[in-house]
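Proteins get letters first, then strands, A, B, ... in listed order; numbering begins at 1 in each. Here the structure is a predicted model, which is why all the values come from computation and not from measurement.
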Amino acid sequence: MGFGTLALSGLMQQDLLAKKSPLYPRTPHFAPKAQSVIFLYMDGGVSQVDSFDPKPQLAKENGQPPRFQVDATVFNKNGNLLKSPWEFKRYGESGIPISDLFPNIGSCADDICIIRSMTAFSPNHPNANYALHSGHVLSGRPSMGAWASYGLGTLSQDLPSYVVIHGGQVPSGGMQCFGSGFLPANHQGSIFLSSNPALNNTSHQETTAAIQKRKLEFLHEMDGEFEARLSHAEAIESAILNYELAYRMQMEVPDVTDLSKESEATKKLYGIDAPYKNTRAYAAQCLMARRLVERGVRFVELTINPGNGDRWDQHKDLIDGHQKNAMAVDQPIAALIKDLKSRGLLDTTLLVFSGEFGRTPFAQGTNGRDHNPQGFSLWMAGGGIKGGTIYGATDEYGYRVVENKLTVHDLHANMLHLLGVDHKKLTYRFSGRDIRLTDVHGEIIPEILA
Amino acid sequence: MFLRYPSYYAFLVLLNVPLSISASGLDPKSLEYFESKIRPLLVENCYKCHSVDSDRIKGGFLIDSKPGLLKGGESGPAIIPGDARNSRLIQMVERHPDFEAMPPKSKLSKSEIASLITWIDRGAPDPRLEETVAANSLSDFNLEERKQWWSLQPVKKPPIPRVENQLWPTNEYDHFLLAKLEEKGWAPAVPAEHRELIRRLSFDLIGLAPTSNEVEAFLYDKSEEAYAKQVDRLLSSPHFGEKWARHWLDLVRYAETKSFEADYTMPYAYRYRDYVIRALNDDVPYDQFVLESLAGDLLPHPRFNPETGENESVKGPGYIYLTDGQHGPPDIHEDEARIFDGMIDATSKAFLGSTLACARCHDHKFDAITTGDYYSFYGMLRSSRLSYANTVPMHQQNGPEKRLIQLKPRIFNLALEDSLQDIERIPDYLSATRKLLDDPSVQEALQDFITSKEKENKKQEGRAVENLEASLGKLVRPEAMELGLEADLLVNWVRLALIPESGDQWPELEPIIPSINPARDKASENGNLSKSFASVARSLDKWKRQGGAFAEPENSQGGIILNMEGPKAIQTIIGDAVIGGQFAPRIDGAIRSPDFILDGRPIEFQAKGRNGAVRLVVRNYELTGRGPTTSGTYKAIDSDHWQSVHFETYLWEGEPAYLEVQQNGVATHSLHPREGQPPPPCDNAYVAVRFEQDADWKAYWQPQLDIPNQEDRDSAIATRLKSIIGNVKSMPSDDDDTEVLGALFSAGFIKADTGRGLPLQKAMAEYRSIALEIPAPSYVRSLVDGDQHDEPVYIRGSHKNPSKDDNPRRFLDGLGGSTFAGPGSGRLEWAQQVADPTNPLTARVRANRLWKHLFGNGIVATTNDFGMMGTKPTHPGLLDYLASDLMENGWSLKYMIRKIVLSQAYRMSSTPSQQAMDEDPGNKLLQHMPVKRLEAEAIRDHMLACSGEIDTSMYGPSVSAYVKDLPNSRAKPASGPLDGAGRRSIYIEMRRNFLPTFLRAFDMPNATESIGRRQVTNVPAQSLALMNDPFVHEQAKAWAKRVLYSELNLEQRIHEIHQTAFSRPASASEIEWAKRFLDTLADEYGSSLDDLAVWTDLCHTIYNRKEFIYVF
């Protein structure tokens, strides 16, 4: 209940308020498969050959210098081929092989579609991050969440349309990854922290909520007078209505982020009580993501909390770093899939698990891996995705894509497609051009669609 | 997967196969092979994107005919008949890493590839002889047609339209507006009330509300010029520049950091901001501003600041490299292309309202812009280099320098005379050193040093040396006393003898220094410099100097570097080398090599100096010294002995590069600190580099070393040194002798101590005081011209695929395209063409921006795009009139702003007529003044003004960004104050990765692209910020304190609050409202009307009033 329910009367006003909102839901281009996206962003770059793309050849040639042409790497300290320290097991009816890093995600194998032929535009974190998020290696372009928000609005008028649940590590490249670029600012990612308040400026500074409410009522009175004086100025009316929205958001954010209302069984499923602190933290993020999606938030992105002091970016100590990061996310993500499924939400929620690039099949130094943009794996699940499938392939070492190459444009095109948006029609006029998330590229991949 | 496309069977039916046989003249076997193996393969896998029927032909390549295959696409021929291995088609389908993989989504089978190879090796027999022509080709670019666009037509000053209501207009501009309204039969809105008008005017001109006194003064001034007086007052306010500079900074994507991973700072970026503010306040003619922006470093007669005398013009190009930037890009050419793209985009939009960057990959889709235009600009940027210019004008440096040149020989002679006494005693120092080396306590001290050094990490090595020197001092002092030697000199001898690393630093002296380890006899490390880069070094005359540091005055005394602090007179003496800073450290500068292509071998040379830096700049890469692969392209030079510089280049083999030696490099760009400013320039700075070092120091000393008797040898050494002094006095002397003498001074074996003799002391004091008359260097980011370079067009925008055709640097093809004749980069010529009164865009674009900022909308709404994708002018005649008026009045922006705000139109009320509201909701015809929301900066500044916390001081380094409300990340700096120290928003640090949240909420742009008109959004984050941001509450409290603790009574306080916030007293209903508010809140708190919390709440609520952020 907002403060304005006293001042504003009747449903008409409420309806007007909603319609004036720039986030008012818009009609998709065609019937959507998914209503929301949860983007599980694996900051730093998961190693494909250690997770979803087994390469027996690496074991055979372990320790030998690569016999293929090696591109320039970021650290330029390329070592010999390095076999995966993890075993792969086949899971589910589909028999998809997944490494021992992700036994819980493995248990959902029949729900996920692994894409083994993903490529990145840059071997550098910031550029690849910008590209993964905005389709562009430059900073400052609108993020995919912002595009989704711009194209579709939100189903919740009390929450932002694009929420980033922050795990502790801002991606290299900074907050620009979640920005709205040239799109109106209301589409930018709202950063939810695990601290209180979850969202900046959503807790009142007054000693009591009642005092704030009193003040807002007084404010409304005088603003009403001003509006009457300038009755022709729509902007002022909108600005007044905006306070209603803001106030409701201020009420809603603490509620949606309050996990105490979840059952013990649910919390346990996610790993809220797990022994490893990063698992507990990521469990809370995943659970919060479900709660946001339930309330109609269009696009939720999760950043990770660093495992051994870093992201998935294991230039050295691959085993320690990947093990810890996997331990943090494996159980919560599997729980998220299962929980969404049991609530009937998996069909309308698209999950995407991806880093900004993969890692080299040869070592950096002796026990790390450098960045590899030439081929890596991601997976998708839920709304409109054909579970239990594998699409695309890398070469026998897992270095370069050799089959069904995908770029971020293809990824974005398919994500929008599942949301009912034709990526070629979602444009914004800026700088003399009608700009798209997918630039002039992007192919829909029928093989991965249910 | 491509079965939705016609199968080859269908094609066979469509084509008349027998006819093809005769027409193509192929033998049946070849024809059969083609039809059965090749054609189906091509149709299924390639025709989707490479045939005349493709929706969009990719890469300009048609595979559906023999000529098409032979011609290939934008990347050249697809096949070489008879040579499958080297045919691009095969390399692509085999997915060779250097080529684009085709087909993109699926790999051809091995047998399919084998068929293609066989076919090509057999000569690629192909019956499809007729060249196909795509229907929807992109090559319909017709420059002449495109040039007909309205904005490219010459500006013609139109006649002033007649209007019926002759009483309404105050100037010509009004005629144009009124004529259009009268066409509609509409009357313009009534004049705004005086209070509204003065508030509108004040926010528009200086970004701050009028004070109560200013409002009153206006209201009580009944003279006819009352309003004009206010206009003039505001135009001459220094705050005018602060408000209008921000508009310009939007256009040039002003920021102070580089974004990406580490968000490195750009030192002195703020001085560009200050330059713009000052230029606007000084009303620098816009055509002059254009020249300075693009070529301020090249102007033969720069503009000097009338107060400080500094060079203003050279600051103009400071905007160009305000780009983002990352460390260690694997493809440095791609990085350059990316960064230049941003420069081209910002420049063409800001000055010409033109989207030149749209022509990066192909000719512009709509406008008269060729892709050649784009790369011509690229070539101009390649022919220019980022530099840090010293804004202290040369004439302030030259006078003192002349006196220093005269004084220097005297000092040198005095110092040499003084040093004779030390040289006389060198045999005693040598024997004392030897004696001490045998002393077990000295050896013990050395042992302690070695153990402690092993234990310490590199950073603490300095401490170990200090400890050693302290203990040596204790041991050496009695010995020195006994022998009548200088204790500090003896310590130096012993130290060099003891510590091998110290000995290595002085290879010139090493052969004569006694050693604790007689076996130590290694060859000098010098003399083995790589010759890789020698060809560049040998043409040193082609290196370009910037500033006065590296100039070679006629009466040069070689490289005698005097010490500017402490008792020592001589810092060092340098032989054959490039030397910067030899007369006064404050005469600053840099020297840069010509461009050369890296051959992959290391570049090696030697350098010495204080606070100097050397850099290898590959492809104009700015962040040298940072990142995994690029950190090795920078070296700080900070010691008086020669040190080796070694730049690895194998990562950039084939790329163009240049070397840069910067006298005060550590104080400038070389560092890119993560936060804060670089260290101030050093008053003892000099730098020297040399590319050859062939001296064999053992051979040099051999005659002395050959003397068997130790005593005779020692005195022979002293004798030789004495003769060196004699030689050196008559400079230029033998280089080796000079270097030896320099080493003696720098290593501390001879003193030239000002404490020893009055003449030297006096002369040095005079020298130093003259040197300090020169103002300390004051740096700005600017450009210098490098080598001339034309950049070819990159086909499809790919830097890996440059065209073979010439693409000379020239002005835009759509505006004449004249080639540059001058010797430089072409920037000056480009700028002159932009500033030329016949340029149809410059004045229109500029005038339109002024109009936009005052009326909320431009006459052309898309202020950055006067092309086909932009909007057309609502009042074309007015736009041309404005453009002419601007040029005819000396390109004075203040003239035009003044005239616009004096127009009747600007003074209208914001209340529309019903008709206008219904028929022209966008107010294109300007029937009334629009209601405008304040810009982000004005909202924040107005809050500070109300609270009284505002600090209106101008200029200087920015206040560190407040970042506590942003999540942690690796590049996060220490937070600045919540209230930005009360400074106006334009002085808040613009960190790209940590932009001020409050300002961003109100649509301050993100400093990425050129922005001509900001978004004006209405989003919950704004309401939330005003409701709950701690900054707003903090200011409310300060405001409440100011009001509450004044002499005013309750009602007066309420008036005061309204007066400050809204430039008017409270209305009756507001008084009543405020009283109720105070009573209610006091009740809530259970306190009284004197409670600060109650007043804080009132002030906070006023901040939240819509009237606070809207001007009408």
Contact part of [X] toward chain A, heavy-atom cut-off under 4.5 Å: side chain, backbone, both or neither?
X        : value
D865(B)  : side chain
T1017(B) : side chain
L1098(B) : neither
L651(B)  : side chain
A1025(B) : both
K58(B)   : side chain
S1069(B) : both
T355(B)  : side chain
S1023(B) : both
F994(B)  : neither
P330(B)  : both
K972(B)  : neither
E1009(B) : side chain
H928(B)  : neither

Note to self: Does this structure show an ion pair linking E237(A) with K1106(B), if we count only N-O contacts that are shorter than 4.0 Å?
What the structure shows: no
Donor-acceptor contact present, side-chain [X] to main-chain [Y], <3.5 Å:
X       : Y        : answer
Q205(A) : P1030(B) : no
R992(B) : G140(A)  : no
N200(A) : D965(B)  : yes

Check step by step if side chain to side chain contact (heavy atoms under 4.5 Å, CB included) holds for D1097(B) and F218(A). CA-CA 11 Å; D1097(B) 281 337; F218(A) 272 107; over 6 Å; no
Given a strict heavy-atom distance threshold of 4.5 Å, which part of [X] is in contact with chain B: side chain, backbone, both, or neither?
X       : result
Q188(A) : side chain
I191(A) : side chain
H125(A) : side chain
Y130(A) : side chain
T207(A) : side chain

N124(A) and E261(B): CA distance, side-chain angles, deciding distance, side chain to side chain donor-acceptor pair (under 3.5 Å) verdict = CA-CA 9 Å; N124(A) 272 37; E261(B) 192 162 357; over 6 Å; no
Heavy-atom pairs under 4.5 Å with chain B - which of [options] has more of them than the others?
options                            : result
T73(A), N129(A), L183(A)           : L183(A)
S190(A), A210(A), A246(A)          : A246(A)
S172(A), P126(A), P123(A)          : P126(A)
R229(A), K77(A), Q374(A)           : R229(A)
G392(A), S122(A), P184(A), G174(A) : P184(A)

Can you confirm whether [X] sits close enough to [Y] that some side-chain heavy atom of one is under 4.5 Å from a side-chain heavy atom of the other?
X        : Y        : result
I236(A)  : E1107(B) : no
F226(A)  : F1112(B) : yes
F430(A)  : I1011(B) : yes
R1076(B) : E221(A)  : yes
V931(B)  : H232(A)  : yes
P1020(B) : R248(A)  : no
N1104(B) : Y243(A)  : yes
N201(A)  : M1027(B) : no

Shortest non-hydrogen pair, N127(A) vs F260(B), comes out as OD1-CE2, 3.5 Å
For this session: Flag this pair as yes if the NZ/CZ of K215(A) is under 6.0 angstrom from the six-membered ring centre of Y1103(B) and inside a 45 degree cone about the axis; otherwise no.
Result: no
For the candidates [options], which exhibits the highest count of non-hydrogen atom pairs separated by less than 4.5 Å from chain A?
options                              : answer
S1067(B), G870(B), S1010(B), C358(B) : C358(B)
G342(B), A357(B), P912(B)            : P912(B)
T911(B), T1096(B), L966(B)           : T911(B)
A1093(B), P628(B), P1005(B)          : P628(B)

Show, in sequence, the C-alpha distance, side-chain angles and deciding distance for R141(A) and T1008(B), and conclude whether the side chain to side chain contact (heavy atoms under 4.5 Å, CB included) test is met.
CA-CA 8 Å; R141(A) 287 298 182 93; T1008(B) 303; over 6 Å; no
Distance check, rounded to the nearest 0.5 Å: [X] atom [atom1] versus [Y] atom [atom2]?
X        : Y        : atom1 : atom2 : answer
Q176(A)  : N1006(B) : CD    : CG    : 5.0 Å
N1028(B) : L199(A)  : CG    : CG    : 10.0 Å
R429(A)  : T871(B)  : CZ    : OG1   : 10.0 Å
Q1022(B) : N242(A)  : CD    : CG    : 6.5 Å
R1105(B) : E225(A)  : CZ    : CD    : 7.5 Å
Q212(A)  : T1101(B) : CD    : OG1   : 10.0 Å

ask   = Taking it one step at a time, do L230(A) and Y1110(B) satisfy side chain to side chain contact (heavy atoms under 4.5 Å, CB included)?
value = CA-CA 11 Å; L230(A) 296 176; Y1110(B) 282 94; 5.9 Å; no
K405(A), NZ: over 12 other non-hydrogen atoms inside 6.0 angstrom: no
>> Counting only heavy atoms not in R214(A) (residues, nucleotides, ligands), do more than 12 fall under 6.0 Å from its CZ?
In response: no
ask   = Would you say the side-chain atoms of Y650(B) and N76(A) include a donor-acceptor pair closer than 3.5 Å?
value = yes
